Amino acid sequence: MRIGILTSGGDCPGLNAVIRGAVLKGTEINGQEFVGFKDGWRGVVNGDIIPLERSDVRGIAKQGGTILGTSRTNPFEGNGGPERIQENLDRLGIDAIMAIGGEGTLAAAKRLTDAGLKIVGVPKTVDNDLDATDYTFGFDTAVEIATEAMDRLRTTGDSHSRCMVAEVMGRHVGWIALHSGMAAGAHAILIPEQKTSMEQVAEWVQSAADRGRAPLVVVAEGFTPDHADDPHSERGLDAFGRPRLGGIGERLAPMIEDITGIETRATTLGHIQRGGVPTAYDRVLATRLGMAASDIVQDSAWGRMVALRGTDIVTVGFEDALGKLKTVPQHRYEEAAMLFG
């Protein structure tokens, strides 16, 4: 069986480890052959492929990003659609697709599977917001990067007695903010799941300052203060019609300074969280998911994806991953909030 692998949506550390795991297990155990689609769904629509043999994936597990390239191409727009894609697969002699991506990628994979294409999935999102899996690779690395950045922000904040606001990724959920904020000892963590007033934020900041600390506020990009209706977005829409978020930290900093009188600076970590080498945890998880994805192709389990439950790799339907987001539960936020101020 000849399988085409694609990586779609935002990149994250661990993608190459998935590719390597799938190719090694597939070629050595399952008798499969692999090619890679270049730049996500764009390569599928255009029929643009590269070979993926064992020698091509040698040593890539430790590399960040993706050797295949990625994009936010919608496979149903332009010259796309299931008929065009199936024609390309037939012409290239590709029997099935292994789609590695997040919510948008898996939603497109489900639609194409419903139209008759043979597709399996591997969940990928640094936000860790897919409900069907306990953790996604890339999340642990993003948290490590964010935590280190906050440790650095705290030293400069201490030097100037400033309040530092660190904006991290998190469109709909606050997992990165929660984990990195707790690890860095943040005095306030602001996440999309919790609408919080500026008065409350200022109270936490002032409390920390009164104890002689330089306050650290961590905010997820999708956070909405209680006086606003929607997350801060001034960058238009992506290919799937979703607002491009970012900049809430810069909006909050002057508000905090106005209320408290404490000099406040904001830093947006942005794509730094996606870059660099994956942590050991993410390399292992990604490798296991790639190997398991080869197995479900072998089982012809189309329309399904691999997932982590506890410490076990399982398979679930695409619909299970797309039904709802895995948000931060109230008790987890309250647990962290005990440390605020």
Side-chain angles (χ1 to χ4, degrees), residues 127-129 142-234 243 245-270 272-273 327-341:
D127 289 345
N128 196 40
D129 60 1
V143 169
E144 288 288 334
I145 292 169
T147 300
E148 181 183 354
M150 291 171 200
D151 290 344
R152 293 173 183 272
L153 287 175
R154 292 197 69 167
T155 62
T156 183
D158 287 339
S159 298
H160 295 271
S161 298
R162 288 172 175 160
C163 172
M164 307 301 291
V165 179
E167 179 183 324
V168 300
M169 288 182 171
R171 168 180 290 274
H172 300 297
V173 304
W175 287 110
I176 293 178
L178 183 77
H179 280 235
S180 60
M182 288 188 71
H187 301 101
I189 300 173
L190 310 177
I191 62 176
E193 295 91 335
Q194 298 284 334
K195 280 208 168 188
T196 308
S197 68
M198 289 307 304
E199 290 72 22
Q200 177 62 81
V201 176
E203 181 180 327
W204 286 326
V205 167
Q206 190 66 61
S207 175
D210 290 345
R211 291 184 292 106
R213 306 304 303 278
L216 171 65
V217 177
V218 179
V219 58
E221 63 186 353
F223 169 71
T224 305
D226 70 348
H227 65 268
D229 295 324
D230 300 300
H232 179 65
S233 173
E234 55 186 20
L245 304 184
I248 183 62
E250 294 287 352
R251 293 290 298 274
L252 294 181
M255 297 182 193
I256 293 172
E257 186 166 333
D258 286 344
I259 298 173
T260 65
I262 300 170
E263 186 178 7
T264 304
R265 296 288 185 269
T267 297
T268 301
L269 300 185
I272 290 175
Q273 296 159 91
T327 56
V328 174
Q330 185 66 28
H331 74 273
R332 285 295 307 275
Y333 182 77
E334 292 174 354
E335 180 181 68
M338 293 175 59
L339 307 172
F340 295 173

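The structure displayed is predicted, hence computed values, not measured ones.
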Minimum heavy-atom separation for [X] and [Y], please, with both atom names.
| X | Y | answer |
| --- | --- | --- |
| M198 | D226 | N-OD1, 4.4 Å |
| I248 | A220 | CG2-O, 3.7 Å |
| S180 | V218 | OG-CG1, 4.4 Å |
| I189 | A336 | CD1-CB, 4.5 Å |
| A146 | L269 | CA-CD1, 3.8 Å |

TODO: Answer whether the closest heavy-atom distance between the side chains of P192 and T327 falls below 4.5 Å.
DONE: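 Side-chain contact under 4.5 Å: no.
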TODO: Taking the side chain as every heavy atom from C-beta outward, state whether M150 and V168 have any pair of such atoms under 4.5 Å apart.
DONE: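 Yes, their side chains come closer than 4.5 Å.
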Open item on the list: Here's a test for you: under side-chain contact (heavy atoms from CB on, under 4.5 Å), which of L190, L216, V217 qualifies with V165?
Closed with: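 That would be V217; it is the only one of L190, L216, V217 passing the side-chain contact (heavy atoms from CB on, under 4.5 Å) with V165.
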Hey, what do you get for [atom1] ([X]) to [atom2] ([Y]), rounding to the nearest 0.5 Å?
| X | Y | atom1 | atom2 | result |
| --- | --- | --- | --- | --- |
| E203 | Q200 | CD | CD | 5.0 Å |
| I256 | C163 | CD1 | SG | 4.5 Å |
| R162 | I262 | CZ | CD1 | 13.0 Å |
| L178 | I191 | CG | CD1 | 6.0 Å |
| Q273 | M169 | CD | CE | 5.0 Å |
| R171 | D129 | CZ | CG | 9.5 Å |

Open item on the list: Working note: H187 + R211, criterion side chain to side chain contact (heavy atoms under 4.5 Å, CB included); need CA distance, chi angles, decisive distance, verdict.
Closed with: CA-CA 12 Å; H187 301 101; R211 291 184 292 106; 3.8 Å; yes
Test item: [X] side-chain N/O and [Y] main-chain N/O as donor-acceptor pair under 3.5 Å:
| X | Y | value |
| --- | --- | --- |
| Q194 | Y333 | no |
| R213 | S207 | no |
| E167 | A266 | no |

Open item on the list: Quick test of your reading: applying ring-ring contact (aromatic ring centres under 6.0 Å, His included), list the pairs with at least one residue in residues 191-216, sequence neighbours left out, ordered by first then second residue.
Closed with: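 Residue pairs passing ring-ring contact (aromatic ring centres under 6.0 Å, His included), neighbours aside: W204-F340.
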TODO: For E257, check side chain to side chain donor-acceptor pair (under 3.5 Å) against everything at least two apart and list the hits.
DONE: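 With neighbours one apart ignored, the set is empty.
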Open item on the list: side chain to side chain contact (heavy atoms under 4.5 Å, CB included), that's the test. Do H172 and D127 meet it? Break it down for me.
Closed with: CA-CA 8 Å; H172 300 297; D127 289 345; over 6 Å; no
Task: CA sep, side-chain torsions, deciding dist, call: R251, F223, side chain to side chain contact (heavy atoms under 4.5 Å, CB included) - done: CA-CA 11 Å; R251 293 290 298 274; F223 169 71; over 6 Å; no
- [ ] Please list all pairs passing the side-chain hydrogen bond (donor to acceptor under 3.5 Å, both in side chains) test where one or both residues lie in residues 143-155, with sequence neighbours left out.
- [x]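 Residue pairs with at least one partner in residues 143-155: E148-R152.
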